[in-house]
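Everything below concerns the one structure shown next.
Note that this is a predicted model, so its numbers are computed, not measured. Per chain, numbering begins at 1; letters A, B, ... match sequence-line order.
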Amino acid sequence: MRLRLPLFLVTGFGVALLLQYFIPLPAGQAFYSRALEWMQVIFAAGLLLGGANFARLHLKRAATRKDERPYSLLALAALATMLVAGAVSIGRDSTFLWLFDNLQAPMQQTVFSLLAFFVATAAYRGFRLRSVESGLLLSVALIVMIGRIPVGELISPVLPQAASWLVDVPAVAAKRGILIGVGLGSVAVSLRVILGVERAWLGGSQ
Amino acid sequence: MKLPALDRRALYVLLFLAVALPLLFPIGLVGSVSKSTRQFHRLIESLQPGDVILISFDCEAASWAEIGPVARAVILHAMKRDLRIVGTSFLSEGTALGYRLLSELATEHGKSYGEDWAYLGFRPQYVAAMLGLGESIIREYPKDYLEQPAESLPIFAGVQSYRQIKLVISIADDSMPQYWVEYAGGRHGVPIAAGLSAVMLTTFTPYLDSHQLVGLVSGLKGAAEYEQLLGVTGAGTRGMDAQSSAHLAIIVLVVVGNAIYFRGRRKS
Amino acid sequence: MMPARPGLFAIVLWAAASTSAAAPPASVLQAPHAADRPWDKGGALVVTWQNTMPVDFTVHVRRLGGAEPVALGPFPISSEQFIDSGLTSGIAYVYELAVHDPDGNQVSVVRTSPAQPRPNLFDLSRADEAILIALLFAVFLWGTFRGSPREIRPIAGVTAMEEAMGRAVEMGKPVLFSIGWGAQLDKPATLAALNLFGYIARKAASYGARLLFPAHDAVIMAAAQESASAGARLEGRPELYREEDIYYVTGSQFGYAAALDGILCREKPAATFWIGTFAAESLILSETGNQVGAVQIAGTDSTIQLAFFLVTCDYTLIGEEMFAASAYLTRDPKAQGALWSQDVLKVVVATVLVVGLVAALLNWHAVGNFLRGF
Amino acid sequence: MSEPAIWISALCTLAIYSFLYRDNPVYRAAEQILVGLSVGYLVVITVRSTLIPRVWTPATDGNPWAFVAAALVLLMWTRLHPKAGWLSRLPLALVVGAGAGLSIPALLKARVTSQMAAVLTPTPDFNTFVGALGVITTLAYFHFTRPRTGVFDGVARVGTWYLMIFFGATFGFTIMSRISLLLGRSEFLLGTWLGILP
């Protein structure tokens with residue numbers, strides 16, 4: 001029962017929504033939008049479940065692990081503040097938006113900007129002329145980097161053209177090769193899911 | 001693969017200086033204007049004063065540093081052309097950013113809310129909203145971002161749906177322009193242009209070649225080029241010096257890294 | 001037997017030529033009729049009539065039924081039909097067919113009976129996709145259930161997974177698995193990644209290594225918990241499954257990245273698995289992973305992030321290799337058979353491209369147009 | 001932005017940047033606050049934009065479908081209960097099954113047929129051949145059930161070169177976006193906060 005019912009649902013919804021793509025009857029259309037809405041509702045419920053899991057985890061850490069207590073309390077305080085502020089109002093000059101604008105957004109932008117530093121160390125460490133392949137990787141990256149800034153044009157007009165040709169022709173070809181491979185792999189996985197053979201999401205079949 | 005000689009923190013300081021110094025002492029490096037930015041500029045020039053365009057802020061707060069200057073340059077040009085602007089957003093974080101930029105530029109150019117520009121705010125389900133704008137803007141957005149009834153705004157007197165909108169511009173840091181092309185462009189035939197972060201350029205260049213997009217400006221370099229065409233110096237132009245020096249710093253790092261690597265290998 | 005097309009044309013010409021000198025023919029269109037276009041998703045009507053007048057006459061049409069009348073055409077009278085689409089299913093439309101002679105003055109007007117566009121049982125315009133999917137399924141099913149087991153070429157990152165587990169136990173450190181901020185349970189790439197996670201969870205249980213899975217989505221967290229507890233049970237050590245090691249962090253992209261940086265520095269895992277769908281946060285994770293000295297194995301279908309994993313990780317499964325890895329690991333003949341059918345389909349794709357290219361050279365663009373028309 | 005707001009944003013920025021030196025309590029505090037705020041933000045936005053308009057309001061109006069949605073939500077939340085946790089497999093099954101059914105035609109068109117169509121350009125030229133060669137050799141690289149021997153190995157190797165060009169181009173190309181993020185933060189710190197920019 002714990003296994004057969006979910007597997008029956010997977011096959012049922014999988015086949016129904018695959019066939020619906022080809023059956024434009026109003027009933028099929030209604031079922032399609034109903035299924036989309038249910039998926040949104042389930043993701044939303046999942047998000048609240050995440051919030052509950054987050055609170056439970058940090059309460060337990062605060063209670064049991066002394067060294068983690070201050071940090072877990074901080075996390076819980078931040079969560080509580082945001083929930084209370086959000087319950088009151090999320091309008092234009094609400095505390096909720098103020099907290100987002102002046103605390104959450106700047107920190108998110110700063111974490112994102114860490115990438116500028118990490119791109120530099122990754123390039124420094126990773127771009128080594130060890131083989132034909134890594135040589136290609138290194139030289140193309142340098143050409144594209146130089147070609148994309150004003151200095152590149154000053155060195156020679158060929159650079160920007162070479163950079164855009166490399167991006168527009170060979171790079172796009174390799175990307176297409178990857179996408180076709182991934183596309184076929186995805187269809188294979190979806191078929192195995194609908195047939196009930198692929199059960200990784202249910203606890204695996206190994 | 002440990003770092004042979006340079007500790008990573010030295011690299012971080014070097015990179016920060018490479019970005020900060022040109023900001024403190026601007027050089028004013030200016031590159032040539034690319035074809036796509038010039039084409040976008042001509043597109044806005046071709047619109048008549050009083051025409052209505054729709055600008056959608058489909059971006060996250062995290063990438064505003066790159067996409068903000070692009071949006072600012074495009075809106076500046078639109079307001080200089082006395083175009084009327086309707087704003088929307090399909091990503092929750094982009095909503096407030098878009099409103100703040102539009103109202104800042106509107107006050108600078110003496111544009112009155114409701115008359116010359118309006119802001120409709122956020123819609124989570126973007127496909128339904130894009131199709132809704134094709135039927136009736138007021139039905140899809142009964143209230144604007146300031147909670148006022150949309151019918152009361154004079155700008156919507158003559159503007160009922162896409163038919164009266166001359167151009168849609170999606171300011172995006174991800175794949176939203178693709179949905180604008182498929183749903184708004186494909187089904188209702190309204191022309192779609194996009195202001196993008198540089199990383200999305202390869203994804204949407206094919207749309208420009210196939211004319212599914214009528215205009216495309218991308219990255220800080222695109223913003224700098226657009227500012228050059230407008231004859232203003234904004235975040236884009238200021239950024240070009242820092243971009244160039246940062247790129248050169250990374251290139252030098254890679255060369256140095258390989259030099260150390262080869263010297264180490266020759267010794268062993 | 002119907003004469004060949006040119007023959008029919010000759011008869012029509014002969015008929016028109018012989019009668020044009022005589023009194024003007026009946027100037028009213030015969031049997032005007034409007035009906036729903038069959039086998040479509042609705043919103044389209046087919047208007048037909050029988051022509052009794054010379055070829056150079058035209059038909060001007062007015063559609064009644066919508067908010068206000070809409071003028072259509074003019075249509076050549078000899079076409080005897082046209083398709084009006086973009087209508088609203090369920091509303092009755094009437095068509096007014098006005099015949100005009102070459103000088104433009106109206107000769108006669110006639111109306112069709114009302115007709116309603118309706119969506120039908122099958123959308124013919126998607127028949128080509130239906131056939132392609134059926135063929136694909138046939139190849140997959142044949143490969144999976146009938147094909148003989150096949151040897152799969154070694155995939156670099158996969159053999160390293162078990163070694164990484166051994167290293168973790170020796171150093172008494174945990175192993176960390178992240179499925180990426182872009183992963184969602186309704187995406188096939190996420191299920192392929194969960195499949196690999198199932199294998200790694202089972203190996204961790206057999207080695208007795210602690211496995212961390214910080215999740216960005218509670219739905220995936222639930223699936224991972226199911227997978228890990230099943231893995232521990234299958235290895236006969238159910239007590240090794242710790243539910244609090246598979247927990248929700250946050251759904252915000254850079255909140256997630258910041259939290260994982262903290263976990264990496266504090267837990268100092270011996271090995272990290274970045275397997276799933278990633279966005280810009282990929283390099284923040286793998287660069288910090290490198291700083292704490294972990295062995296890093298990555299695998300993703302996100303084409304942009306592959307470049308960053310390749311430069312910072314020890315092993316990277318590129319695109320489809322992530323899908324193929326589980327077949328290689330589990331040695332399950334059915335999964336190996338499915339992988340063989342994927343290879344067969346890739347050969348078909350390559351052949352179609354070659355044929356299409358050669359044909360395009362000979363200025364015959366049927367293959368390209370067929371694919372574009374999809 | 002007002003004076004205190006600038007100071008708070010600047011201090012948060014510096015707290016996160018302190019991670020570049022090494023993991024430290026200041027970073028850890030900022031990290032926990034960021035994570036807590038972001039979970040709160042998502043819960044509020046989700047409740048206000050999905051759960052209330054899609055489940056709560058229609059349910060109070062007696063719409064039968066809303067009770068189905070409410071049931072799905074409750075089934076998801078059985079996860080919190082140790083014994084009844086398995087019931088959450090039902091909504092999971094709905095998402096996984098529907099996802100699989102929806103993705104087959106969508107991914108087949110977006111990833112296979114339209115990519116193949118893009119290779120066969122109406123007016124083939126030099127670039128078309130370089131592109132087609134790239135796709136075919138990359139597909140050879142992704143061949144799993146054939147040992148890498150002889151000519152086939154050569155073809156797959158050319159595919160690897162194309163892949164390296166793609167990864168090099170993507171890396172070089174994305175550096176510009178990442179640098180402009182640091183630029184944005186530097187302008188905020190040096191300009192808006194310290195006010196030392198020209």
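The interface of residues 169-180 of chain D with chain A, defined by heavy-atom distances below 4.5 Å, comprises Ala169(D), Phe171(D), Gly172(D), Phe173(D), Ile175(D), Met176(D), Arg178(D), Ile179(D).
Remark: the backbone N or O of Leu7(A) is not paired with any side-chain donor or acceptor of Arg89(D) at under 3.5 angstrom. Under a 3.5 Å cut-off, the side chain of Ser9(D) and the backbone N or O of Asn102(A) do form a donor-acceptor pair.
The parts of Tyr41(D) that come within reach of chain A are both its backbone and its side chain, each placing non-hydrogen atoms under 4.5 angstrom from that chain. Only the side chain of Trp86(D) comes within contact range of chain A, judged by heavy atoms closer than 4.5 Å. For chain A, no part of Pro4(D) is nearby; none of its heavy atoms comes within less than 4.5 Å. Heavy atoms of Ser38(D) lying under 4.5 Å from chain A belong to its backbone as well as its side chain. Contact annotation for Phe126(D): only side-chain heavy atoms (C-beta onward) come within less than 4.5 Å of a heavy atom of chain A. In this structure, the portion of Phe19(D) lying under 4.5 Å from any heavy atom of chain A is its side chain and not its backbone. For a residue to count as touching a neighbouring chain, one of its non-hydrogen atoms must lie under 4.5 Å from one of that chain's; by this rule Arg185(D) touches chain A with the side chain only. Looking at Tyr71(A), both its backbone and its side chain come within 4.5 Å of chain D, counting heavy atoms on both sides. Only the side chain of Leu20(D) has a heavy atom closer than 4.5 Å to any heavy atom of chain A. Contacts of Val55(D) with chain A are made by side-chain atoms alone, with heavy-atom separations under 4.5 Å and no backbone atom involved.
Counting heavy atoms from C-beta outward, Tyr21(A) and Ile104(D) have side chains that stay 4.5 Å or more apart.
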Can you give the donor-acceptor pairs under 3.5 Å from side chains of residues 43-59 of chain A to other protein atoms, not counting sequence neighbours?
| unit_1 | atom_1 | unit_2 | atom_2 | d |
| --- | --- | --- | --- | --- |
| Asn53(A) | OD1 | Tyr248(C) | N | 3.3 |
| His58(A) | ND1 | Ser72(A) | OG | 3.0 |

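Across Val132(A), Val84(A), Thr81(A), the residue that shares the most heavy-atom pairs under 4.5 angstrom with chain D is Val132(A).
When all heavy atoms of Tyr17(D) and Ser113(A) are compared, the pair lying nearest together is OH-OG, 2.6 Å.
Applying the salt bridge (Lys or Arg N to Asp or Glu O under 4.0 Å) test to pairs two or more places apart or on separate chains, those with a residue in residues 95-114 of chain D are Glu129(C)-Lys109(D). Residue pairs meeting the salt bridge (Lys or Arg N to Asp or Glu O under 4.0 Å) criterion with at least one member in residues 74-83 of chain A: none, sequence neighbours excluded.
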